[in-house]
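Please read all numbers here as calculations on a predicted model, not as lab measurements. Proteins come first, then strands; the chains are lettered A, B, ... in the order of their sequence lines, and each starts at number 1.
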Amino acid sequence: MKLIKLTSDNTQQPGSRREELLNGLNRVQREAAAVTEGPLLILAGAGSGKTRVLTYRIAYLIELGVAPHNILALTFTNKAAREMKERIGFLVGEEQSRRLWAGTFHSVFARILRREGEHLGYTSAFSIYDTDDTLGIIRTAMNSLVISQQQYAPQAVRSRISSAKNQMVSWQEFQRNADNIFDKQAGLIYQEYEKRLKLNNAMDFDDLLLNMIRLFEHKPDILDAYQERFRYMLVDEYQDTNRAQYTVVSMLAAKYRNLCVVGDDAQSIYRWRGADIRNILDFQRDYPDTKVVRLEQNYRSTKTILAAANSVIDNNRQQLRKELWTANDDGDLVQVLKCRDDREEAETIAKLVVDEQVHHGRKLSDFAVLYRTNAQSQALEDALRRRNITYAIVGGVSFYKRKEVKDTLAYLRLVVNPSDGESFMRVVNEPTRGLGKTSLEALARFADAQGISLYAAAQRAEQIAGLQKRAQNAAHTFAEFIGRFIAVLGQIPPDELARTLIDASGLLRMYQEEGTDEALDRWNNIQRVLSHITEYTAREENASLEVYLQDIALTEDAENSDEARNHVTLMTLHAAKGLEFPVVFIAGMENGLFPLGKADTDPEEMEEERRLFYVGITRAEQKIFLSYAERRYRFGELSFPMPSRFLGEIDKKLVQQFGGTAPAAPPATGVGRVVKQPFTATRPASPRGSQSVMFDDIPKEEYHSQIEEEPMLRRGMVVRHEMFGEGKVLSVSGRGANAKAIIQFPGVGQKHLMLKYAKVTIVSMS
DNA sequence: CTCAAGTCTCCGAAC
DNA sequence: GAGACTTGAG
């Protein structure tokens, strides 16, 4: 207990750096930072300076003489880890903070498994499969087991398996406990899935946790080494850890027991990902000598915002009572915006951003727009773009999910990890190399039978009976092509290898030759990946493709070096956790959307949605706007939702309806008059579908879909589209509700539009 | 085998 | 309304 001694000594030395450090904290925060030994539970309400405590605590440990590499800080996002390191660097010097272990569970463990994975039968170049990749494995597994994908949705199977893995249920155990047909089938697929992942030398996200546990169980000496290494551990967002995460942390902390966890049960929003709120509720039972510190003063929000958040969360039954208070001003009332439709909602938000900028001198970076589903971002983006407001989307449909980017990375992955069958299948015929479905099936059968990888099978293509001579050659040539790069891996710089490989693959040429604007876009994206690798190579001392690929597999936002830039931030409510903004908008406050429809039948879901709303409100420092639309397009169809029940849960005294109807959208910036002749494909005049009935109360000009006359589009016509502007019709196909047109929009490219949905007006007839 | 058209799913949040 | 997957003609 030498360190505790040091602590108390220190407080009696005014002017020492340790002392100064703690002066930046209030009394309770100081306690949380200075109790360095033994288990510590910090219950930290929203905006109570939790991050500040964590960073000061780590800095304090370092000042006490603890080596930075003996400290492990696990955060929920990579961004949070980066920020924490940066702030600690500020306090104790960058030299020190760089050696700290800080990151997400997944990234820290991937790093360890890269080093230790061979004990479990993986090479250091193992691939990390994201959710999309694993779906491919599920499908392959189902095919080989002859299980119908119509009957059992691969998505459902995947999420069933993942949640089992989250709770550390092995396939053997899963099969034993399967008591319905779905689980019985899922159990078989689970087993096959695990086999195939291993064969691919690949791990899914859950494996990054499970394999740590397996490693520690089978190799006590390795566990001991890491217990020695991580003598001090901190876990942020502890309320959102799942069973597997809980177990790894327990194992690592078992020896020194210097475990500090921070959390807030009111902000638990990842139940669907296996988060187990019991982990925080039971912490004191697991560690009876736990010291508990409550941070209950909020420094972030106005009294009004805090009261609104509290009145909402009061509706939850399963909640620890907590008294969060603030010394801040009352501030403005919560503003509720009623909008006619999702488009007007977006326009109103964009307009309010401008207003607040002009009248209250705010920067764009003061604003965040939050929503429940990623699909909502589009309308918001359009509106912001129309007003030339720069914005950044956090997460969402990621750059890394794009086909051409995945293809590029798959080429690299295959070279790094030739066992990776998913990557092989992705790129073997992209661009086309004359290896179609039939040939690849034969190749896969051969690989399966021999128990070898697809790449190895391709090397021996001549031996595959039932494969055409031409296909044999094509497969062999491809294997040789990849082999040439495997041979030089590690000998030439990563960026050079990547560039040469992608160049020689023909991927770039393929898009170049296609020549459409969309292809050009894809070409550009590939170039962006390659430059990113070049940057990485220049930045890192020991740059390697393995490490690069594993790192980006775990980050959604790898390339935002522009964090300091001035822009409005758009993101889901989930992504907003841990962040704060002077002005916050929450869009789509409608039943069925937020809370989502599923919550109606499941009280626990409802409580989680409510916690999510609580998280959303408490992001705001000064002002919050809640908006809802009376009509919204979902699934390309119009719906008529009711205002969210959550709006009614906010104390009435704190709410104000925002003034009147919002102004209409600014006029389109086109040249000349648009012929006001909304186009739609004909529908039979009768019988009228239910959809037509729904439209009866809508003013004619507003919606295209209810108009029945037929100004049929023809080749050569010039039309106007809401988003793409004016364009020329290249061709029209199909008829009635299925009519489609290919239209060339200058500066946008060719678009294939379903005329049933697309809002197109005719500008000129020839 | 390839390409284009047709059909189906997604829109529930992410390491 | 986009994207992934399937189907059918050449």
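Taking the ring centroids of A:Phe76 and A:Tyr238, they lie at or beyond the 6.0 Å cut-off.
A straight line from NE2 of A:His574 to C1' of B:dG12 spans 8 Å, rounded to a whole angstrom. What separates NZ of A:Lys401 from P of C:dA4 is a distance of 12 Å, to the nearest Å. To the nearest angstrom, C1' of B:dA13 lies 9 Å from CG of A:Leu573. Across the protein-nucleic acid pair, A:Arg372 atom CZ and B:dA13 atom C1' stand 5 Å apart, rounded to whole Å. In this structure, A:Leu74 places its CG atom 13 Å from C1' of B:dC15, rounding to the nearest Å. Rounded to a whole Å, the CE atom of A:Met510 is 12 Å from the P atom of B:dT2. Protein atom CD of A:Gln155 is 9 Å distant from nucleotide atom C1' of B:dT9, rounded to whole Å. Computed from coordinates, the A:Gln245 CD to B:dC15 P distance equals 12 Å when rounded to whole Å.
Every salt bridge (Lys or Arg N to Asp or Glu O under 4.0 Å) that A:Arg372 has, sequence neighbours left out, goes to A:Glu609.
Nearest nucleotide to the side chain of A:His106, out of B:dA13, B:dC11, B:dC15: B:dC15. Listed candidates were B:dC10, C:dC5, B:dA14. Nearest to the side chain of A:Arg139 is C:dC5. Relative to the side chain of A:Arg634, the nucleotides B:dC11, B:dC10, C:dC5 differ in distance, and B:dC11 lies closest. Side-chain proximity of A:Ala375 to the nucleotides B:dC15, B:dC11, B:dA14 is greatest for B:dC11.
In the interface, the side chain of A:Lys598 is paired with the base of B:dG12 through a donor and an acceptor atom under 3.5 Å apart. In this model, a side-chain donor or acceptor of A:Glu609 finds a partner on the base of B:dG12 within 3.5 Å.
Between A:Thr77 and A:Arg470, the residue anchored nearer the 5' end of DNA chain B, judged by the nucleotide with its closest heavy atom, is A:Arg470. Positionally, the nearest nucleotide of DNA chain C for A:Arg522 lies more toward the 5' end than for the other of A:Gln149 and A:Arg522. For the pair A:Ala153 and A:Ala575, nearest-nucleotide mapping onto DNA chain B gives the more 5' position to A:Ala153.
Contact check of residues 425-439 of chain A against DNA chain B (heavy atom, cut-off under 4.0 Å) returns A:Asn429, A:Thr432, A:Gly434, A:Leu435, A:Gly436, A:Lys437, A:Thr438, A:Ser439.
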(message) For a side-chain hydrogen bond (donor to acceptor under 3.5 Å, both in side chains) check, start with the C-alpha distance between A:Glu404 and A:Asn525, then their side-chain angles and the critical distance, and finish with the verdict.
(response) CA-CA 7 Å; A:Glu404 67 276 19; A:Asn525 287 333; 2.7 Å; yes

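Here A:Phe105 lies out of heavy-atom contact (under 4.0 Å) with every strand. Across all strands, A:Glu608 comes closer than 4.0 Å to no nucleic acid atom at all (heavy-atom distances).
Applying the 4.0 Å criterion to OP1 and OP2 of B:dA14, one finds that A:Thr572 has a side-chain N or O inside that range. OP1 or OP2 of B:dA14 lies within a sub-4.0 Å distance of a side-chain N or O belonging to A:Asn374.
Residues A:His574 and A:Tyr270 have side chains that never bring a donor and an acceptor to within less than 3.5 angstrom of each other.
Taking the 5.5 Å centre cut-off and the 30° plane limit, the aromatic side chain of A:Tyr270 is not classed as stacked on B:dA13.
The aromatic rings of A:Phe478 and A:Phe481 lie tilted to each other, with the angle between the two planes from 30° to 60°.
Judged by a 6.0 Å distance limit and a 45° cone about the ring axis, A:Arg111 is positioned over the six-membered ring of A:Trp101.
With hydrogens and angles disregarded, a donor-acceptor distance shorter than 3.5 Å links the side chain of A:Glu590 to the backbone of A:Ala629.
Looking at A:Lys577 and A:Arg619, their side chains never come closer than 4.5 Å, going by heavy atoms from C-beta outward.
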